Asker: 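Could you have a look at this structure, given as structure tokens, before my questions?
From a predicted model like this one, the values you see are computed outputs, not experimental measurements. In what follows, residues are counted from 1 in the order of the sequence shown.
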Amino acid sequence: MPGCFKKTLFALASLISFVSFILIVVAMGIPKWMTGKILCKTGADLVNATDPEMVKFIGEIYYGLFRGGKVRQCGLGGRRSKFTIFPHMVKKLNTGLHVMIIMFLCVAIFFSLVSFGFGILNAIKVPYRAINGPAGACLWNFLAGGFVALGVTSFMAAVKLHHLTERIANFRENVFRFVILEERFENCFWICVASATAHAVNLLLIAISGIHFPKIKTKTEEVNVTAEDIMY
């Protein structure tokens, strides 16, 4: 049986892995990875809009991995619309990269659950095989955190290098053209960053569990019993 200190560390590591699993699932389902402001350039150019009038042509956009929405402002008031990435819009995006982001996060979900199970196993008993012990727990946490990091990095590449927001904003816009004025990474993106950080914390906890702290020995004094002590 593992000591109380190791039990506590592995129980905490398993809890963190489960929280990471929940965070990734929630982040994937909520369409708040990116928000931004979009300018209806075609409408602004048609009326030669000046700076005070530009407000009438600035709308908003938000999206996640599967769906999103936008507010079109082309001089006649805001028009709200919602959209889904699959199956139609993904053809206009970098399909391979977008699918890779989802696959990376799905694999991270799997390894988060595996690391959760290994944390419980090591908290309950000392595994016979080395791969089931701290080394295995380190491996699964490293893979889970690594795949989350790959998903986050790929999403950043899609936004900054492949102009993901602009492509989504101009999807099926035959008359008007939109340009991006502002982009902000939102809560779901940072939740995934927190998930990767959680697995890094787990690696630290597992490393600490392997430290052998010196045992404090108390020196017992020898009692010398003399004849006078026996008399008293």
Side-chain angles (χ1 to χ4, degrees), residues 10 12-36 60-70 82-122 131 135-169 171 180 183-206:
F10 278 107
L12 181 59
S14 64
L15 176 62
I16 292 174
S17 294
F18 185 73
V19 170
S20 174
F21 159 74
I22 297 296
L23 289 177
I24 301 171
V25 172
V26 170
M28 290 183 69
I30 298 177
K32 279 288 184 177
W33 280 64
M34 178 68 68
T35 60
E60 297 177 353
I61 189 170
Y62 68 91
Y63 61 90
L65 298 180
F66 299 99
R67 64 187 189 278
K70 66 179 179 180
K82 293 184 179 180
F83 54 82
T84 55
I85 304 295
F86 294 94
H88 305 294
M89 188 177 291
V90 73
K91 298 176 182 179
K92 298 295 183 181
L93 310 180
N94 189 321
T95 307
L97 183 58
H98 197 81
V99 172
M100 279 176 59
I101 295 169
I102 297 172
M103 287 181 62
F104 284 149
L105 294 178
C106 288
V107 174
I109 288 173
F110 171 75
F111 283 128
S112 294
L113 287 177
V114 174
S115 61
F116 166 69
F118 270 64
I120 293 177
L121 176 66
N122 283 271
I131 191 62
C138 278
L139 174 63
W140 306 127
N141 275 283
F142 176 78
L143 289 174
F147 276 103
V148 175
L150 284 174
V152 168
T153 305
S154 299
F155 184 77
M156 291 177 64
V159 172
K160 298 300 181 182
L161 301 180
H162 295 272
H163 310 291
L164 181 62
T165 308
E166 186 174 350
R167 292 189 183 197
I168 291 176
F171 179 69
I180 308 304
E183 290 177 315
R184 295 185 305 275
F185 292 104
E186 287 296 336
N187 296 337
C188 293
F189 175 85
W190 296 113
I191 284 174
C192 284
V193 174
S195 173
T197 306
H199 287 289
V201 171
N202 269 358
L203 291 175
L204 179 62
L205 291 176
I206 296 169

Asker: Could you list the residues that satisfy side chain to side chain contact (heavy atoms under 4.5 Å, CB included) with Val201, not counting sequence neighbours?
Answerer: Ile16, Leu205
Asker: Once side-chain hydrogen bond (donor to acceptor under 3.5 Å, both in side chains) is applied, what residue pairs with a partner in residues 84-98 remain, sequence neighbours excluded?
Answerer: Asn94-His162
Asker: Which side-chain N or O atoms in residues 111-120 pair as donor and acceptor under 3.5 Å with protein atoms at least two apart or in another chain?
Answerer:
{"unit_1": "Ser112", "atom_1": "OG", "unit_2": "Ala108", "atom_2": "O", "d": "2.8"}
{"unit_1": "Ser112", "atom_1": "OG", "unit_2": "His199", "atom_2": "NE2", "d": "3.1"}
{"unit_1": "Ser115", "atom_1": "OG", "unit_2": "Ser17", "atom_2": "OG", "d": "3.1"}
{"unit_1": "Ser115", "atom_1": "OG", "unit_2": "Phe111", "atom_2": "O", "d": "3.1"}
{"unit_1": "Ser115", "atom_1": "OG", "unit_2": "Ser112", "atom_2": "O", "d": "2.8"}

Asker: Could you measure the distance from the OG atom of Ser14 to the CZ atom of Phe18? Nearest 0.5 Å is fine.
Answerer: 10.0 Å
Asker: Rounded to the nearest 0.5 Å, what separation is found between the SG atom of Cys188 and the CG atom of Leu23?
Answerer: 10.5 Å
Asker: Going from CG on Asn141 to CD1 on Ile206, what distance comes out if it is rounded to the nearest 0.5 angstrom?
Answerer: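 Rounded to the nearest 0.5 Å, the CG-CD1 separation comes out at 4.5 Å.
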Asker: Can you give me the closest heavy-atom contact between Tyr62 and Lys82, atom names plus distance?
Answerer: OH-CE, 4.2 Å
Asker: So, do Phe104 and Met100 sit near enough that their side-chain heavy atoms are less than 4.5 Å apart?
Answerer: yes
Asker: Please identify each residue that fulfils ring-ring contact (aromatic ring centres under 6.0 Å, His included) with Phe189, with sequence neighbours left out.
Answerer: Phe185
Asker: Output, in order, the C-alpha distance, side-chain angles, deciding distance and verdict of side chain to side chain contact (heavy atoms under 4.5 Å, CB included) for Ile102 and Phe66.
Answerer: CA-CA 9 Å; Ile102 297 172; Phe66 299 99; 3.7 Å; yes
Asker: Sort out for me which residue in Ile168, Thr165, Val159 forms a side-chain contact (heavy atoms from CB on, under 4.5 Å) with Ile180.
Answerer: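 It is Thr165, the one option of Ile168, Thr165, Val159 that forms the side-chain contact (heavy atoms from CB on, under 4.5 Å) with Ile180.
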Asker: Please name the pair of heavy atoms, one in Ile101 and one in Ala158, separated by the smallest distance, quoted to 0.1 Å.
Answerer: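 Scanning both residues, the minimum pair turns out to be CD1-CB, 4.4 Å.
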Asker: Would you compute the distance between atom CG of Leu143 and atom SG of Cys138 and round it to the nearest 0.5 angstrom?
Answerer: 11.0 Å
Asker: Go through Leu105 and Leu65 one step at a time and tell me if the side chain to side chain contact (heavy atoms under 4.5 Å, CB included) criterion holds.
Answerer: CA-CA 11 Å; Leu105 294 178; Leu65 298 180; 3.7 Å; yes
Asker: Counting only heavy atoms not in Phe86, do more than 12 sit closer than 6.0 Å to its CZ atom?
Answerer: yes
Asker: Who passes ring-ring contact (aromatic ring centres under 6.0 Å, His included) against Phe142, sequence neighbours left out?
Answerer: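 With sequence neighbours excluded, Phe142 shows a ring-ring contact (aromatic ring centres under 6.0 Å, His included) to no residue whatsoever.
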Asker: What salt bridge (charged side-chain N to carboxylate O under 4.0 Å, His left out) pairs are there with at least one residue in residues 146-164, not counting sequence neighbours?
Answerer: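 Every pair satisfying salt bridge (charged side-chain N to carboxylate O under 4.0 Å, His left out) with a residue in residues 146-164: Lys160-Glu183.
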Asker: Side-chain donor-acceptor contacts of residues 24-36 below 3.5 Å, not counting sequence neighbours, with atom names and distances?
Answerer:
{"unit_1": "Trp33", "atom_1": "NE1", "unit_2": "Ala27", "atom_2": "O", "d": "2.8"}
{"unit_1": "Thr35", "atom_1": "OG1", "unit_2": "Arg184", "atom_2": "NH2", "d": "3.2"}
{"unit_1": "Thr35", "atom_1": "OG1", "unit_2": "Glu186", "atom_2": "OE2", "d": "2.7"}

Asker: Considering non-hydrogen atoms only, spot the tightest contact between Cys192 and Val148 and give its length.
Answerer: O-CG1, 3.1 Å
Asker: Has Glu166 got more than 12 heavy atoms of other residues, nucleotides or ligands less than 6.0 Å from its CD?
Answerer: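 It does: Glu166 CD has more than 12 such atoms within range.
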